[in-house]
Amino acid sequence: MFLQTLPLVFVLAGVVLYTVLGGADFGAGIWQLLSGPGEHGERIREHAHESMGPVWEANHVWLIFVLTVTWTSYPVFFGSIASTLSIPLFIAGLGIILRGASYALRSGAASGRETLMVDGAFSIASLVTPFALGCTAGAIAAERVPVGNALGHPFSSWLSPVPLMVGALAVCFSVYMAAIFLAADEHRTGDREMADSFRLRALVAGTVAGAVSIAALVVVHADAHSLYTGLVHGGALAVMIVSIVAGLTTLGLVWARVFEPARVTGAIAVAAVIAAWAIARHPVLLPGLTIAQAAASHDTLVTVVVAVVAGGVLLFPSLALLFTITFRGARTAEAQATGGFPLRATPTAPRLAVVLFIVGLGMLNAANAGWCHIIGVIALFGFVIAGFTAIVPRALAGDS
Amino acid sequence: MLAFALALAPVHQKYLLEARQMQALSFTVHIPLVCFGIAFPVMVMFVEWLGIRTGDPLYRTLARRWSRIVVALFAVGVITGTILSFEMGLLWPNFTATFGSVFGLGFAIEGFSFFLEAIFIGIYAYGWNKLSPRMHLLAGIPVVITGFTGSLMVIAVNAWMNHPTGFQLHGGKVSHVNPLGALFGNPYLWSELIHMYVAAYMVTGFIVAGCYAFAKLRGNWTRYHRVALTIPLTIACLASPMQLLVGDWLARDVAVSQPVKLAAFEGLYPTTNGADEHILGWYTDHQVKDGIAFPHLLSLLAFHSWNAKIIGLQSVPANDRPSAINVVRISFQIMVLVGSALAALGVLYLFVRWRRRRLPDTPWFYRGVVLAGPAAFVCLIAGWVTTEVGRQPWVVYRVMRTSQAVTGAGGIPVGYGALVAAYAAVAIAVVWILRRLARKPLELDPVGIVPTPGSAGPGPPPAGGGSPQAA
């Protein structure tokens, strides 16, 4: 049972990271939409854009992680969701395309009008994508996805009160997290005016997010009563309280301009909501489908767990390195080494290339044994390297 | 055929063909970006290394300019890759629901690979002025490694779809799943992997070189251009003849593991001893019409024997063969013929470089290089059409039909139309951004060189880093 649940824990962790980090990116896009007119608005847009700079791709790969681990570990769960909720997922996909394209476009926009148009497209995509993904999550939470190939209603499964509320909540969370992150960034770089702007925005967004959360709970009470019962009992209730405390603490910290810890408490508030949902529903994934029923076989789960742990061991230090380098100041340019051309064309290189090509031909194409093919492939890669060293050094060194 | 139970009940999907086309479209958009993700960082790193070793600012300028293109294309690749992983569920929920536990691991590891690649591309792109030159160069190495492991994982899944192993069917259910065996214990994985990996270098090398060849034809021909042409072109010209041999290896693997697919490549209906190879022509009424026949050549190529038996399409019932034989066959012929032309171009270049110690003079050579970029892309797509349509009607070869995998959701034509519109918009955006980047003078490089003013307009679209102004 532990093994069957562990990948789900990874998935939920991925969802939390995506909601917080990816959500902050989406929120920054939405703030561009709400930037207001004039020079101040332009600065808001500029700062919101810059904040996403170096880490923006990384934040969005969490979604791919969530999808792949889910379909490997809980294939039927994934297949049922993807088929019934194909419309909100497809809308999210279109949003991702539009968002990414307009992000890439922005660096090429020259005039103010172009930038404004690109920002507009980017903001709309940033609004639509978390909303659609929130609706998807809400439909799963509200038990509107039956097990099977597109057996749920294509529209009413997600265009109903609980999913729509969760969609709205996802947008509110994104906007709130983004304002906190942006305020923290500005505070760190010492831009007092911008930090204050985003602080005010964070306070407003936090209040709205809190209000929407309460409204969502009311809707869940009315529309998905079993989920409500689960949320207000036992472990789920305890985690919900953690979420509320963390949310209020975050507001207090933002008020007091202590932005860095506010990032953490804000993330905890989001994580706790997701955890509460998981605990309330445990051990059911979809109506009539428990974790144990949906889980892949033992060997697959073991390999997934090993892969995720090994991946994490590589991933998190790399991510830390990226963040460190991003926040580091520029180095002063130093005198570069000057030397001759580092590669020398030897007279043997062309002949070696020809020989290796012939060896490759013999081993890969004439012979049939597996070990011959290995030698053949190595010989052919050797041919490319030998050929490269035969031609490029002479071409470049003779051309300076 | 094996009997087995679907994880989700099968449905009748009226728009199966549209669903397949949607997947194919997404793939066609994504795969050239993958090629650039695999091969371009290697070229950029080589140029950067030259810059460090020689102290010549030209190399650093070129590497920085190229690295921007790496980032822009990778960013678009993240989007198209995300869409592909969405479509695995949106279009083929029964495929993932039934076999997710068998092949899914490959995509999970690929996800990590992709993630690490994104991180180190970020470090590389934003670290030019923040890391020492040596550390910056080292930061590129994980990008190269993850580019390879990512393609290894995806090809492992595809090779598994062609040659499914690593699970058992008991009582009609998938059981005894061995995901590592399924993905990496497959003897037919390696030829497909190397074929794709080498293709990435051909596509990237010829497209990048094509931009500078275009500049040369327009009269922009400085040392900067010569360097920027020589490196990718040499790599692509070496990769092309290698690719012919690797392709032959892969085709012989297909002959053994998927004989009906090979028969579709060749348009061979009856099982034949000493089968002929047909070039060009059209498959109709169970034979190739108007093609040029080479007696016994197919047997010779596939099994190195004059009279080897080649299994024909007739060996399986009609509903177990690809319905679009001509699509498969013509794609295969395009790949082989255009690929051979690229190899010939490669050998010509290598020969002139080696014996005459210079670049070819004739403008026809440069026109050829300009064409070689799109031609390599055409080969890439033709190759994927060959293998994917050739596998039909199966999504998992001889185990699960594509029609069993498809979603029961409606509205596929609407989704298809929306996706076409979205990708058209992205394509326009990419062309536009690359032209803009190419036109922008390179700023902020303390040891960069000053561009020469007064050159003509921008370079051609993809990888338009071949900016004339960067001279």
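The sequence lines fix the lettering, A, B, ..., with proteins before strands; numbering per chain opens at 1. Worth knowing before you read on, the calculation uses all heavy atoms, side chains too, and leaves out hydrogens, waters and symmetry mates. Small disclaimer: the values here were computed from a predicted structure and weren't measured.
Only the side chain of A:Phe78 comes within contact range of chain B, judged by heavy atoms closer than 4.5 Å. Heavy atoms of B:Tyr59 lying under 4.5 Å from chain A belong exclusively to its side chain. Neither the backbone nor the side chain of A:Ala294 comes within contact range of chain B; no heavy atom of the residue lies under 4.5 Å from a heavy atom of that chain. Proximity to chain A (any heavy atom under 4.5 Å) is restricted, for B:Ile83, to the side chain, taken from C-beta onward. At a 4.5 Å heavy-atom cutoff, A:Thr84 makes no contact with chain B through either its backbone or its side chain. Using a 4.5 Å cut-off between heavy atoms, A:Ser83 contacts chain B through both its backbone and its side chain. Heavy-atom distances place no part of B:Phe95 under 4.5 Å from chain A, backbone and side chain included. The part of A:Ile391 that comes within reach of chain B is its side chain, from C-beta onward, which places non-hydrogen atoms under 4.5 angstrom from that chain. Using a 4.5 Å cut-off between heavy atoms, A:Ala349 makes no contact with chain B at all. For chain B, the nearby part of A:Phe65 is the side chain; its heavy atoms alone come within less than 4.5 Å. Both the backbone and the side chain of A:Leu361 come within less than 4.5 Å of a heavy atom of chain B. For a residue to count as touching a neighbouring chain, one of its non-hydrogen atoms must lie under 4.5 Å from one of that chain's; by this rule A:Phe77 does not touch chain B. Residue contact with chain B, scored on non-hydrogen atoms closer than 4.5 Å, involves the side chain of A:His373 exclusively. The part of B:Ile109 that comes within reach of chain A is its side chain, from C-beta onward, which places non-hydrogen atoms under 4.5 angstrom from that chain. Neither the backbone nor the side chain of A:Ala390 comes within less than 4.5 Å of any heavy atom of chain B.
Listed here is the closest heavy atom pair of A:Phe122 and A:Ser102: CA-OG, 3.3 Å. Closest approach of A:Thr68 and B:Ala108 over heavy atoms only: OG1-CA, 3.5 Å. Between B:Asp253 and B:Ser191, the shortest heavy-atom contact is OD2-OG, 2.7 Å. Pairing each heavy atom of A:Leu89 with each of A:Leu133, the nearest pair is CD2-CD2, 4.3 Å. Of all heavy-atom pairs between A:Phe90 and B:Ala418, the closest is CE2-CB, 3.9 Å.
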Result block: side-chain N/O donor-acceptor pairs under 3.5 angstrom for residues 233-240 of chain B, not counting sequence neighbours:
{"residue": "B:Thr234", "atom": "OG1", "partner": "B:Thr230", "partner atom": "O", "Å": "2.5"}
{"residue": "B:Thr234", "atom": "OG1", "partner": "B:Tyr349", "partner atom": "OH", "Å": "2.8"}
{"residue": "B:Ser240", "atom": "OG", "partner": "B:Ala236", "partner atom": "O", "Å": "2.7"}

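Your options are B:Ala125, B:Pro241, B:Ser175, B:Gly410, and the one with the most heavy-atom pairs under 4.5 Å with chain A is B:Pro241. The residue among B:Leu90, B:Leu245, B:Asn178 with the most heavy atom pairs within less than 4.5 Å of chain A is B:Leu245. The greatest number of non-hydrogen atom pairs below 4.5 Å with chain B, out of A:Asp299, A:Ile374, A:Val302, A:Leu98, is found for A:Asp299. Interface summary for chain B: among A:Leu301, A:Ile385, A:Ile96, the most heavy-atom pairs under 4.5 angstrom belong to A:Ile96. Ranked by heavy-atom pairs shorter than 4.5 Å toward chain B, the options A:Ile81, A:Leu380, A:Leu85, A:Val377 are led by A:Leu380. Most heavy-atom pairs under 4.5 Å with chain A, from the set B:Trp190, B:Trp128, B:Phe46: that is B:Phe46. By number of non-hydrogen pairs under 4.5 angstrom with chain A, the leading residue of B:Ile194, B:Leu131, B:Leu91 is B:Leu131. Among the candidates A:Leu63, A:Val304, A:Val308, A:Val147, the residue making the largest number of heavy-atom pairs closer than 4.5 Å to chain B is A:Val308. When each of B:His176, B:Arg353, B:Glu110 is checked for heavy-atom pairs under 4.5 Å with chain A, B:Arg353 comes out on top. Chosen from A:Ala296, A:Ala82, A:Pro154, A:Gly387, the residue pairing most often with chain B at heavy-atom distances under 4.5 Å is A:Ala82. Ranking A:Leu321, A:Ile97, A:Asn368 against chain B, the residue ahead of the rest is A:Ile97, based on heavy-atom pairs under 4.5 Å. Put simply, of B:Gly127, B:Ala422, B:Gly415, B:Gly111, the one with the most heavy-atom pairs under 4.5 Å next to chain A is B:Gly415.
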Passes side-chain contact (heavy atoms from CB on, under 4.5 Å), B:Val174 versus B:Val177? Steps please.
CA-CA 7 Å; B:Val174 173; B:Val177 177; 3.9 Å; yes
Test log, rule side-chain contact (heavy atoms from CB on, under 4.5 Å), inputs A:Thr300 and B:Val102:
CA-CA 7 Å; A:Thr300 300; B:Val102 187; over 6 Å; no
Test log, rule side-chain hydrogen bond (donor to acceptor under 3.5 Å, both in side chains), inputs B:Ser26 and B:Glu87:
CA-CA 9 Å; B:Ser26 307; B:Glu87 284 178 344; 2.8 Å; yes
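Using a 30° and 60° split on the angle between ring planes, B:Phe107 and A:Trp71 fall in the perpendicular class, above 60°.
Here the two rings, on B:Phe120 and B:Phe115, have centers that are 6.0 Å apart or farther. Between B:Tyr197 and B:Tyr201, the ring centre distance stays below 6.0 Å.
Residues B:Asn94 and B:Val406 have side chains not in contact (no heavy-atom distance under 4.5 Å, counting atoms from C-beta outward). Proximity of B:Asp56 to B:Arg223: side-chain heavy atoms (C-beta onward) are separated by under 4.5 Å at one or more points.
Legend: residues meeting salt bridge (charged side-chain N to carboxylate O under 4.0 Å, His left out) with B:Arg358, ordered by chain and number and at least two apart, are B:Asp361.
Distance check: A:Phe357 CZ to A:Leu364 CG gives 10.0 Å after rounding to the nearest 0.5 Å.
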